[in-house]
Each structure stands twice: as C-alpha cells, then as structure tokens.
Amino acid sequence: MPRYYFNVHNSIGLVEDEEGRDFADLGAARAAALKGAREVIAGDAAEGIVDLRGRLDVIDSAGTVVLTLRFTEAVEVLRPDEDEPGPANPAPTAS
Amino acid sequence: MKPVIDTLLLKLRARDRLSAEEEAAVRDAIGEVRDIAADQTVIRAGDELHSSTLLLDGLLCRYKDLRDGSRQIMELHVAGDFADLHSFTLKRLDHNIMTLTRCRIALAPHAKLEAITRDFPHLTRLLWFSTNLDAAIHREWMLSLGRRTALARVAHFFCEMQVRLGLVGLAGADGYALALTQTDLSECLGLTPVHVNRTLKQLREQGLVEFRRGRVTIGDHDGLRRVAEFDPAYLHLERRDR
C-alpha cells in the first residue's frame with residue numbers, strides 16, 4: 001500500500017507530517033484528507049473562527065505533492081442572502 | 001521458566017501491601033508466556049475465554065470498531081496491566097484487544113484465578129481493585145472524549161501515560177518512550193491524524209510537550225498538567241489497605 005504524508009498549511013504555519021500513513025490508493029488518502037481538514041475547520045469554528053485560508057498537501061513517498069486540498073473545497077459555505085431579514089431573536093451580546 | 005511479573009507487583013504494591021504468600025499465589029496463577037507481533041488482535045469480542053492476559057512488555061489496547069472502519073481505543077495497557085481481568089467474570093469480552101507494539105504477554109488461567117478468590121480474599125480485593133481502576137480510567141477518557149478540547153485531551157493523555165508508565169519504572173520526570181503511530185494516537189483521542197498532528201504542533205510550540213519518533217519529551221510538567229486539568233486522583237495512587 002502506498003504511503004502518503006499530509007502537510008497542513010494554515011494560520012499556525014506548516015504542520016508537517018513526518019510519519020505518514022498507508023492507504024489503499026490516492027482516493028482513500030483524499031477521503032482521509034477531507035475528513036482531517038473538516039475536523040480542523042470544525043475545531044476552529046468551536047473557538048469562534050472559521051478560517052478557510054488553509055490547505056492540505058498530500059505528498060507521496062518520493063516527496064511529490066500529488067494532491068492539494070484547499071480548505072475552501074472541504075466545506076460548502078452557505079450564507080444568508082443580503083436582503084434576507086435577520087434572525088427574529090438576535091443573539092444576546094456579551095455584557 | 002516462570003514469567004517475570006515484577007511490573008504487576010510494582011503496580012499492586014503502589015496501592016497496597018502484598019504478603020509473601022500472596023505474591024507466591026500471583027506467581028503461581030500466571031503461566032504460559034507468548035511473544036506477539038505488533039498490530040495483532042489477540043482477543044476478539046465474543047470469544048469464549050478461559051484465561052486472562054497479563055501484559056509483560058509492550059503496549060496493548062482495548063478497542064471497538066464501527067462498520068465504516070472507524071476505531072475507538074478505550075484504554076491503553078502498559079507492562080504490569082491485566083488487559084482482561086474482567087473476562088474472568090464476563091467470560092466473553094464486548095470489545096477487542098490488540099497489540100500496538102511487539103508484546104510479551106502471560107496467561108492466567110481462570111481456574112487459577114478462581115483458586116485465588118477462594119483462598120486469598122485480600123489478594124482477590126486487589127485484583128478487584130485493578131478492574132475498578134480500569135473503570136476509573138475509562139471514566140476519565142469519557143470526560144476527555146466528550147468534553148476536553150483537542151489540546152487538553154492530548155495533554156491529558158500524555159500526563160496519564162507518564163504516571164502509569166512511571167509506576168512500573170518506564171517513565172522519568174522529563175519523558176518516556178511511547179511507540180505509538182499517529183493513527184494509534186488518533187484512535188485513542190477520537191481525533192483525525194491531521195488534527196492530532198496540528199495539536200501536537202501547538203503543544204510543542206507552547207513548550208509543554210513534544211512527541212516525536214516514539215518518544216514523549218515533557219518540556220513543562222506543571223504547564224502540561226494545567227492545560228490538561230490533570231488530577232491523578234482517578235489513578236488511585238494511595239498505598240493503603242484495600
């Protein structure tokens with residue numbers, strides 16, 4: 001099974017994967033990359049920030065980047081229409 | 001040759017006294033030794049069991065899988081732990097037990113354990129304590145998996161392993177060997193390997209702990225415990241009558 005390394009570039013800089021993991025094929029590696037990127041985005045969202053500027057590079061054992069997953073590709077962002085009325089009960093502001 | 005069970009004795013003696021007769025009874029209960037390669041499932045859920053497994057060397061884990069292959073490790077076992085003392089009364093486990101590294105194990109036939117329950121009530125209570133301790137560790141992991149942030153969760157894991165390995169002489173104040181892969185770690189912590197890597201980087205940059213190539217290096221012991229909200233009370237470290 002091929003080994004792939006997942007290097008993440010985002011707000012905290014480069015998180016280098018020194019160990020890598022074995023996958024059946026590149027498709028399986030992409031699925032794992034997607035899951036990982038989504039979890040990182042969700043973790044940030046829980047802290048109050050959605051930062052989609054990051055990317056995850058999948059690198060093969062020869063050191064070649066075989067796939068790049070931008071965080072913007074990992075999630076679908078739905079926004080309210082500009083002319084849509086706001087929420088009926090606005091979120092309380094911190095006092 | 002009888003198996004070397006010093007780590008089990010260290011673990012028990014950290015919590016209570018053990019008489020010479022009790023030590024002899026424990027030694028007598030433990031028989032066949034096996035060496036097993038890494039990444040082997042040694043006990044499968046549902047198997048009828050007639051002996052309990054004592055870990056002499058290496059790392060074992062208890063785990064369950066979902067149908068899609070997602071795995072949750074519920075507890076890591078270090079040298080001196082029984083991986084399935086609870087199989088003595090359960091007869092069949094509801095989870096699997098796997099080697100994470102090359103392991104040396106010894107088998108304690110249930111018939112021998114039954115003899116201990118008949119003839120050595122205090123030793124029986126100490127073995128009962130061991131299964132209660134496993135339950136306490138499970139509760140702490142539930143708190144981590146359900147409520148701790150990724151940062152605190154990883155920090156807590158390293159604090160726990162330092163104490164547990166330290167009890168059997170396998171960890172020092174500044175670190176210890178822990179031959180886990182990032183996949184193993186992610187399956188213990190309920191995080192993806194990507195998230196684990198990123199969290200390890202944050203812990204490293206804060207100077208708290210570094211995990212590289214199977215070694216945990218603790219940079220700031222108190223700081224790590226503070227981030228983790230680690231209180232070793234759940235490991236029941238008092239030496240007292242049980």
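The sequence lines fix the lettering, A, B, ..., with proteins before strands; numbering per chain opens at 1.
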ask   = Looking at A/Glu18, A/Lys35, A/Glu16, which makes the most heavy-atom pairs under 4.5 Å with chain B?
value = A/Glu18

key: Heavy-atom proximity to chain B below 4.5 Å, by part of A/Asp22   = neither

message = Looking at B/Thr99 and B/Ala37, would you say the former's side chain and the latter's main chain have a donor-acceptor pair under 3.5 Å?
response = yes

request  = Describe, in one word, how the ring planes of A/Phe23 and A/Phe6 are oriented to each other, choosing from parallel (under 30°), tilted (30 to 60°) and perpendicular (over 60°).
outcome  = parallel

request  = Quick one: which of B/Gln182, B/Arg213, B/Arg212, B/Gln202 has the most heavy-atom pairs under 4.5 Å with chain A, could you say?
outcome  = B/Gln182

key: B/Ser186 portion near chain A, given a 4.5 angstrom heavy-atom threshold   = neither

ask   = A/Asn10 versus chain B, heavy atoms under 4.5 Å apart: side chain, backbone, both or neither?
value = side chain

query = Any sub-3.5 Å donor-acceptor pair from B/Asn96's side-chain atoms to B/Ala45's backbone N or O?
reply = yes

request  = I would like to know whether B/Lys201 and A/Val8 meet side-chain contact (heavy atoms from CB on, under 4.5 Å); could you show each step before the answer?
outcome  = CA-CA 11 Å; B/Lys201 174 168 177 166; A/Val8 177; over 6 Å; no

task = Just give me the residue among B/Thr181, B/Val196, B/Thr183 that pairs up with chain A most often, heavy atom to heavy atom, under 4.5 Å.
result = B/Thr181

message = Quick check on B/Leu191 against chain A: is it the side chain, the backbone, both or neither that has a heavy atom closer than 4.5 Å?
response = both

task = On the 0 to 90° scale, with breaks at 30° and 60°, tag the B/Phe211-B/Phe158 ring pair as parallel, tilted or perpendicular.
result = tilted

Donor-acceptor contact present, side-chain B/Gln162 to main-chain B/Gly172, <3.5 Å = yes

